[in-house]
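Encoded as structure tokens, the structure appears first; notes follow it.
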Amino acid sequence: MTKIEIPPDHPRRISLETREKIIDGHESHVVATAGLLAHGRGEAFDYLIGERTTEQAELAMQAAVAALLSAKHPVISVNGNACSLVPEALVELSEVCKAPLEINLFYYRKEREDAIRDALIDAGAKVVLGTQDRPSMNIPELSSNRRKVDVEGIGAADVVLVPLEDGDRTEALKAIGKFVITIDLNPMSRTAVYSDITIIDNIVRALPRMAEQAHVMKKIPKDELHQIVRSFNNSENIATAVRIIITHLERRVKDIVELRTKTNIGVSEK
Ligand code: PTJ
């Protein structure tokens with residue numbers, strides 16, 4: 001497969017490099033074919049929020065890290081897209097928060113499970129839960145492949161981080177009493193709406209930042225961490241994220257009109 005050379009000064013360099021990672025992940029069976037489409041949807045929403053981490057997302061990340069650090073049994077669920085984009089950050093966050101990584105796939109194929117496990121081990125993971133040779137149980141509320149979870153992982157967890165999810169499982173995890181954290185660029189997705197903490201940001205920016213925050217926040221006493229989680233309001237968080245998109249779009253419209261006026265684009269000679 002011929003790789004494209006992305007010029008260092010290309011204005012969309014980061015976005016194109018991230019796209020290459022997803023394509024590579026697809027070629028090595030880490031990413032499902034549907035994962036390519038899910039990534040495209042994420043790209044579109046990232047464009048709408050201005051391809052940056054907002055202050056609001058930073059607050060949501062803080063609350064999420066506080067929840068992971070203060071949990072009795074936190075777990076990080078890993079799918080193909082998350083593994084292809086941020087394997088090292090997943091391992092780092094897992095280690096700092098003592099939250100095991102569990103592979104949990106919507107489009108299950110044994111070769112995908114093996115490829116994801118190998119990629120996580122290459123990134124430094126010592127233990128990977130959720131593989132077929134491990135004891136499993138079913139989430140009764142769910143009919144998809146994601147029903148099957150590791151008994152020592154999501155099965156026993158009180159707090160679960162589920163990045164880039166489909167909505168059904170978030171609802172099912174909530175129905176069995178888990179505290180659910182998600183990372184989803186779409187503030188209107190069912191996952192975003194049903195989670196306890198929704199980080200509306202690109203996983204490529206959010207996960208490394210959360211690992212960084214976890215190194216600092218692990219020194220905070222547990223009761224203060226609980227307080228950070230309790231004072232976080234996810235309804236306000238989601239509403240603010242939608243308003244940020246609206247404001248960003250209004251600014252973009254102004255910029256576009258100004259640019260076209262200045263450069264005379266679209267002014268035809270009559
Ligand atoms: O690896 P599998 O088999 O478990 O499948 C994983 C996918 C992602 C294909 C599966 O969970 C799926 O179909 O998900 P959805 O329903 O398409 O939802 C994915 C959500 O993630 C959408 O709301 C996207 O906007 C969002 N998203 C995509 N890329 C990113 C993202 N959010 C944050 N960062 C991204 N890079």
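Predicted model, so just to flag it, every value in this text is computed and none were measured. Residues: numbered from 1 along the sequence shown. Quick note: numbers below take in every heavy atom, side chains included, and nothing from hydrogens, waters or symmetry partners. In each ligand, atom 1 is the first atom listed, and ligand 1 is the first ligand listed.
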[atom] [closest protein heavy-atom partner, distance rounded to 0.1 Å]:
| atom | answer |
| --- | --- |
| atom 5 (O) of ligand 1 | Y107 CD1, 3.8 Å |
| atom 15 (P) of ligand 1 | R41 NH2, 3.7 Å |
| atom 6 (C) of ligand 1 | N79 ND2, 3.7 Å |
| atom 28 (C) of ligand 1 | A38 O, 3.1 Å |
| atom 14 (O) of ligand 1 | E165 O, 4.0 Å |
| atom 36 (N) of ligand 1 | N202 OD1, 2.8 Å |
| atom 1 (O) of ligand 1 | R112 NH2, 2.7 Å |
| atom 31 (C) of ligand 1 | L164 CG, 3.7 Å |

Examine [X] against ligand 1 and note whether any of their N/O atoms are separated by less than 3.5 Å.
| X | result |
| --- | --- |
| L185 | yes |
| A32 | no |
| V30 | no |
| Y108 | no |

Stepwise salt bridge (Lys or Arg N to Asp or Glu O under 4.0 Å) test for R190 and D168: CA-CA 8 Å; R190 267 189 313 146; D168 282 354; 2.9 Å; yes

Between [X] and [Y], does any side-chain donor sit less than 3.5 Å from a side-chain acceptor?
| X | Y | answer |
| --- | --- | --- |
| H73 | E152 | no |
| E236 | Q56 | no |
| S77 | R146 | no |

side-chain hydrogen bond (donor to acceptor under 3.5 Å, both in side chains) against E224, all qualifying residues, sequence neighbours excluded: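 Result, side-chain hydrogen bond (donor to acceptor under 3.5 Å, both in side chains) vs E224: none returned.
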
Supply the atom-to-atom distance [X] [atom1] to [Y] [atom2], rounded to the nearest 0.5 angstrom.
| X | Y | atom1 | atom2 | result |
| --- | --- | --- | --- | --- |
| K21 | N81 | NZ | CG | 13.0 Å |
| L85 | R19 | CG | CZ | 12.5 Å |
| S15 | R13 | OG | CZ | 12.0 Å |
| R52 | N202 | CZ | CG | 13.0 Å |

Any idea which atoms of ligand 1 are less than 4.0 Å away from a heavy-atom of [X]?
| X | result |
| --- | --- |
| N186 | 23 (O), 25 (O) |
| G35 | 9 (C) |
| G42 | 25 (O), 27 (N), 28 (C), 29 (N) |
| G80 | 1 (O) |
| F106 | 2 (P), 3 (O), 4 (O) |

Under-4.0 Å heavy-atom contact between protein and atom 22 (C) of ligand 1: yes

Worked verdict on D184 versus S189 for side chain to side chain donor-acceptor pair (under 3.5 Å): CA-CA 8 Å; D184 191 331; S189 74; 2.8 Å; yes

Within-shell test, E43 vs ligand 1, heavy atom, strictly < 4.0 Å: no

Test item, D184 contacting ligand 1 (heavy atom, 4.0 angstrom): yes

For E51, the option from R12, R252, R205 that meets salt bridge (charged side-chain N to carboxylate O under 4.0 Å, His left out): R12

Residue list, side chain to side chain contact (heavy atoms under 4.5 Å, CB included) with L105, at least two apart or on another chain: N79, I103, Y108, R112, I116

Under-4.0 Å heavy-atom contact with ligand 1, by part of D201 that carries it: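 Backbone only.
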
E111 CD: over 12 foreign heavy atoms closer than 6.0 Å: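 Counting neighbours around CD of E111, more than 12 heavy atoms of other residues, nucleotides or ligands fall under 6.0 Å, so yes.
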
